[in-house]
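All heavy atoms count here, side chains included; hydrogens, waters and symmetry mates do not.
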There are 2 protein chains.
Amino acid sequence: MENKLDHADCPVTATIALFGGRWKLIILYVLSKNTRRFGEIQVRLPSISKKVLTEQLRELEADGLISRKQYKELPPRVEYALTDFGKSLCPLLIDIAAWQRKNIDNLIKVR
Amino acid sequence: MENKLDHADCPVTATIALFGGRWKLIILYVLSKNTRRFGEIQVRLPSISKKVLTEQLRELEADGLISRKQYKELPPRVEYALTDFGKSLCPLLIDIAAWQRKNIDNLIKVR
DNA sequence: AAAAGTGGTAACCTAAAAGTGACTAATGGA
DNA sequence: TCCATTAGTCACTTTTAGGTTACCACTTTT
C-alpha cells in the first residue's frame, strides 16, 4: 500500500505557507510596486494593526521573501523591499490568478 | 494615492481558500490517484480524525471540487472523487510544486 | 515645556480551526 | 445472542491566528 501522507511534507502546503494567511499576499503585492517604509505599508492596508503588521513582516523576512533596512535616524526609518527570492514568487502568483479568472464561473459563492 | 487594499477581494486569496488549510491538499492528492471511500482516505492520512475529515470533505464538495456518491448499502458505502473542476486544479498544483522544487534552496528551514 | 513623529513591544483578549472520545444505525455472520 | 462493520454525529477541549490597547525611545518642532 502507498505510504501514509501528512500535510507537513507536502511541497504545495510548504509553498502556500510562505504567502498564506490574512495579510501576506497584499503585503507582497504592495512591495512588488515599490520599496516601502513601515508606515507606508500600514496606510495601504485598511485595518491592520502595528502588531500584526510587524509579525507578518518578520515572518516574510524570516522566510527570505523581503528585506528590512533600518536607517540610523530619528524618528526611525525602516524600509522593506522584496528580495530576489520574493520576486521569483510573482509569476507563480500570476499563474494562480490566471487560473482563477479562467475558472471563476465554477467558483461557488462564498460560504 | 492608490486605493487601500484588503485581502478579501484578492483573486489569489480566493483561489487558495479552495485548497488551503491543514488537510485539503492531501485529500485532493489522494483523490487525484483514485476514487476513494471515506475509510480509504482516512487510512492514508496518518492522524486526521473522522470529524475533521468529514468537515473537509463537505467543504471540498460545497466548493465543487469533489463529488460524493452514497450507496444504499449496509454497512454504508460512500465514494469520493474529483469533479472535472477539481481535476482542473491539478496542473496548478503541479506548477506550485515545480516552483518549490526550483526554489527549495532558498527556502529557510521550518520555523 | 509639551507635543509630534516613527517603528516598534507587552500584556491581554477573541474567534475560528482543529482535535478527542463516546456514541449511533442497520445488517450479516459466528 | 452478540459482535463487527462503515460513515458518520455530538459535545467538549485545545491550539492558533489575529486583534486591541497602552506604552516606549529619542529627537525636532511649537
Distance-minimising heavy-atom pair for B/S47 and B/W23: OG-CH2, 3.6 Å

Between A/W99 and B/F19, is a ring pair (Phe, Tyr, Trp, His ring centres under 6.0 Å) present by the stated rule, with each step listed? CA-CA 13 Å; A/W99 179 90; B/F19 53 82; 7.6 Å; no

Do B/L92 and B/C90 have side chains that get closer than 4.5 Å, going by heavy atoms? no

Is there a side-chain contact between A/L60 and A/L31 in this structure, where contact means two heavy atoms from C-beta onward sitting under 4.5 Å apart? no

[X] [atom1] to [N] [atom2]: how many Å, rounded?
| X | N | atom1 | atom2 | value |
| --- | --- | --- | --- | --- |
| A/R36 | C/dT6 | CZ | C1' | 17 Å |
| B/K72 | D/dA7 | NZ | P | 15 Å |
| B/F38 | D/dA7 | CZ | P | 7 Å |
| A/Y71 | D/dA25 | OH | C1' | 21 Å |
| B/Q42 | D/dT9 | CD | C1' | 14 Å |
| A/L74 | D/dT29 | CG | P | 13 Å |
| B/K24 | C/dA18 | NZ | C1' | 13 Å |
| A/E73 | C/dT6 | CD | C1' | 11 Å |

Please tabulate, one pair per line, each protein N/O and nucleotide N/O from nucleotides 18-22 of chain D that are separated by under 3.5 Å, including the distance.
{"residue": "D/dG18", "atom": "OP1", "partner": "A/R22", "partner atom": "N", "Å": "2.8"}
{"residue": "D/dG18", "atom": "O3'", "partner": "A/R22", "partner atom": "NE", "Å": "3.3"}
{"residue": "D/dG19", "atom": "OP1", "partner": "A/R22", "partner atom": "NE", "Å": "2.8"}
{"residue": "D/dG19", "atom": "OP1", "partner": "A/R22", "partner atom": "NH2", "Å": "3.3"}
{"residue": "D/dG19", "atom": "OP2", "partner": "A/W23", "partner atom": "NE1", "Å": "2.7"}
{"residue": "D/dG19", "atom": "N7", "partner": "A/K51", "partner atom": "NZ", "Å": "2.7"}
{"residue": "D/dG19", "atom": "O6", "partner": "A/K51", "partner atom": "NZ", "Å": "2.2"}

Atom CD in A/Q56, atom CD1 in A/I26: separation rounded to 0.5 Å? 9.5 Å

Report the distance from atom CZ of A/R58 to atom CG of A/D63, rounding to the nearest 0.5 Å. 14.0 Å

Going by an N to O cut-off under 4.0 Å, is there a salt bridge joining A/E79 and A/R36? no

Using Watson-Crick or G-U wobble geometry with both distances below 3.5 Å, tell me the partner of D/dT30, or none. C/dA1

Just to confirm, is there a sub-4.0 Å distance from OP1 or OP2 of C/dG7 to any side-chain nitrogen or oxygen of A/R58? no

Tell me whether the OP1 or OP2 atom of C/dT6 has a side-chain N or O from A/R37 closer than 4.0 Å. no

Classify the side-chain pair B/Y80/B/E40 by whether it contains a donor and acceptor separated by less than 3.5 Å. no

Checking B/Q42 against B/I48 for the side chain to side chain contact (heavy atoms under 4.5 Å, CB included) test, could you report, in this order, the C-alpha distance in whole Å, the side-chain angles of both residues, the deciding distance, and whether it holds? CA-CA 7 Å; B/Q42 204 185 3; B/I48 199 171; 4.2 Å; yes

Which of residues 75-83 of chain B have a heavy atom under 4.0 Å from DNA chain D? B/P75, B/P76, B/R77, B/V78, B/Y80

